[in-house]
There are 2 protein chains.
Amino acid sequence: MHQEDTGPLIGLPWSGEERPRSIADRLARAVAQRIVRGELEAGALLTEAEVAAAHGVSRTPAREAMLQLEGWGLVSIAPKKGASVTVPTARERRELLDLRSMLETHEVRRVADDAAARAALACRLREVLARQREELGDPAAFAMQDYAFHAAIMHHGGSRAVEEIAGVFGPRLVRLTNLAVASSAGRLQTFVDEHAALAEAVEAGDVVRFEALIDPHMASGHRGYEVAQ
Amino acid sequence: MHQEDTGPLIGLPWSGEERPRSIADRLARAVAQRIVRGELEAGALLTEAEVAAAHGVSRTPAREAMLQLEGWGLVSIAPKKGASVTVPTARERRELLDLRSMLETHEVRRVADDAAARAALACRLREVLARQREELGDPAAFAMQDYAFHAAIMHHGGSRAVEEIAGVFGPRLVRLTNLAVASSAGRLQTFVDEHAALAEAVEAGDVVRFEALIDPHMASGHRGYEVAQ
DNA sequence: GCATGCATCTATGTATACATCATGAGGCTA
DNA sequence: TAGCCTCATGATGTATACATAGATGCATGC
């Protein structure tokens, strides 16, 4: 009926109502989650045989899963050598957050002249915000709602192209968000407050204020953890 | 030494110096080119066995190639049913062109305050423009240089995230550009003129003018051919 | 002691065989 | 004749076997 739970999570291959369509799909989602949660550390080597054996299947779907993971930027495949979990770099963090900010600002600008659309988006953001407040005690769940907040803005226009972008960059953004949340245990309330301010700017249709808020929000949230150069 | 020919074509899997790393890669590029050039018409059914047989290889790399083609949005795979060449829709056209305009505008805004960067970008654009003028008689080559012009703007910042986006959307953008050029045989000089105007706006660092020029450029160029709803 | 070349090993890349599911033709029944 | 059931067919999804290229370690020669 109402798909309020799948909506905000646009871009994430897992945690969707639709069940995996194949073993390869299931493997890719499972490994992606482990990488994003940090259970598989950056730089770790993955072999098709290991992944296959760990799930009791053959190498064929495992190989497909590796290709999918490469598409999500979570592993790097060196031909004839092997695959390794990618290491988040300062550059990747900057570029991905910039890109997301650009997409969000673009959407806010698009709805700025339409009071009804602004209200609809703001309403949706407050829903996500409420869920985020409930998860202050669960870092992983909190990070998920944090991602959902930004995804809700990006995806509000319903563009399938944006949805595709989220499908490509979503997993890496969640990984970064998990890192940010894990290193800011005591400042999660700040994240919520900043989100609330962003929602207000959206509701007011104040693009300039939104732009002024979004960059510091990214900068402050993603400053407390170390990544490779 | 100077990679002036690979640079502007960022985002396209084929026509790169780097040769294919596997049979699967070679198949994906070959089929992608046939789709983009219109040799494989929209809606056509593709089977792994056909693709494999056409190139004298087994189904395994053919299957990988199909997955890659799906990632590029050139084919749509229905589980257990088959794959078909995607049909360009008015919505896809609008969304892809909007996205590219956004990325270009973002880059122009980024270099607006840096005279040296503006000059460098403008210089590069004029290089591509010169090549485009030489190809007025060859629609396919002209379309390639048209894409290269926009790619040069998008990618000027050197963002790998943008590069990834181009890698995903590039093939579909080239397909649209081919359609636009094919249906505007007598108006190609107009395209060149509009590109020249865009290059001037870039050199002047005039973001407002660039924004005012880019949307009509997209609209006029991509009006003359029909796509599905 | 150190560099070089070879053997071996591991993991990927590809080929082939089998399993599963969607589709459609054909016949049966009411 | 309309509707449904069955089965043949063809395609994908998966498993397994073989081919090939990097990597590692050791022996050999200097």
Side-chain angles (χ1 to χ4, degrees), chain A residues 13-14 16-32 34-35 40-87 167, chain B residues 13-14 16-32 34-35 40-87 167:
Chain A
W14 58 88
E17 302 302 322
E18 73 286 357
R19 67 170 55 86
R21 313 198 291 196
S22 63
I23 296 179
D25 193 22
R26 181 194 312 277
L27 289 188
R29 297 186 191 193
V31 177
R34 295 194 60 200
I35 294 174
L40 282 169
E41 60 185 338
L45 297 180
L46 291 179
T47 70
E48 296 172 1
E50 279 175 6
V51 172
H55 294 260
V57 298
S58 81
R59 265 187 54 212
T60 306
R63 177 176 176 79
E64 264 185 38
M66 300 295 271
L67 294 172
Q68 178 64 267
L69 289 168
E70 188 185 36
W72 291 333
L74 295 178
V75 311
S76 165
I77 298 179
K80 280 288 187 183
K81 288 174 61 181
S84 59
V85 177
T86 54
V87 180
Chain B
W14 57 88
E17 302 302 321
E18 73 286 357
R19 67 170 54 89
R21 313 201 288 197
S22 64
I23 296 180
D25 193 21
R26 181 193 311 277
L27 290 187
R29 297 186 191 194
V31 177
R34 294 193 60 200
I35 294 174
L40 283 170
E41 58 185 339
L45 298 180
L46 291 179
T47 70
E48 296 172 1
E50 279 175 6
V51 172
H55 294 260
V57 297
S58 80
R59 265 187 56 214
T60 307
R63 178 177 175 78
E64 264 186 39
M66 300 294 273
L67 294 171
Q68 178 63 268
L69 289 167
E70 188 185 35
W72 290 334
L74 296 178
V75 311
S76 165
I77 297 179
K80 280 286 188 182
K81 287 174 62 179
S84 59
V85 177
T86 54
V87 180

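These values consider heavy atoms only, across backbone and side chains, with no hydrogens, waters or symmetry-generated copies. Since this is a predicted model, take the numbers as computed values, not measurements. Just so we're on the same page: letters track the sequence lines, and every chain starts at 1.
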Atom pair distance, as rounded to whole Å: [atom1] in [X] and [atom2] in [N]:
X	N	atom1	atom2	value
B:E64	D:dT14	CD	C1'	14 Å
A:L45	D:dG22	CG	C1'	14 Å
B:I23	D:dA21	CD1	C1'	14 Å
A:L67	D:dT14	CG	P	14 Å
B:E70	D:dT12	CD	P	13 Å

Taking only the side-chain heavy atoms of [X] (C-beta and beyond), determine which of [options] contains the nearest atom.
X	options	answer
B:R59	C:dC18, C:dT14, D:dA11	C:dC18
A:T47	C:dA11, D:dT12, D:dA15	C:dA11
A:K80	D:dA15, C:dG13, C:dA19	C:dG13
A:E48	C:dG13, C:dC18, D:dA15	C:dG13
B:R63	D:dT20, D:dT14, D:dA11	D:dT14

Side chain proximity check, [X] to [Y], heavy atoms < 4.5 angstrom:
X	Y	value
A:L46	A:L40	yes
A:I23	A:T60	no
A:E41	A:V85	no
B:L45	B:T47	no

Original post:
Can B:R29 and B:Q68 be said to form a side chain to side chain contact (heavy atoms under 4.5 Å, CB included), step by step?
Top reply: CA-CA 9 Å; B:R29 297 186 191 194; B:Q68 178 63 268; over 6 Å; no

**OP:** Give a yes or no on whether a donor-acceptor pair under 3.5 Å exists between the nucleobase atoms of C:dG13, that is its base, and the side chain of B:R21.
**Re:** no

Original post:
Do A:T60 side-chain and D:dA15 base share a donor-acceptor contact under 3.5 Å?
Top reply: yes

**OP:** Name the nucleic acid region contacted by B:I77, choosing base, sugar-phosphate or nothing; use a 4.0 angstrom heavy-atom cut-off, strictly under.
**Re:** nothing

Original post:
Which part of the nucleic acid, if any, lies within contact of A:K81, taking any heavy atom under 4.0 Å across all strands shown: a base, the sugar-phosphate backbone alone, or nothing?
Top reply: sugar-phosphate

Subject >> Residue met sooner reading DNA chain D from 5', once B:E50 and A:S58 are mapped to nucleotides >> reply: B:E50

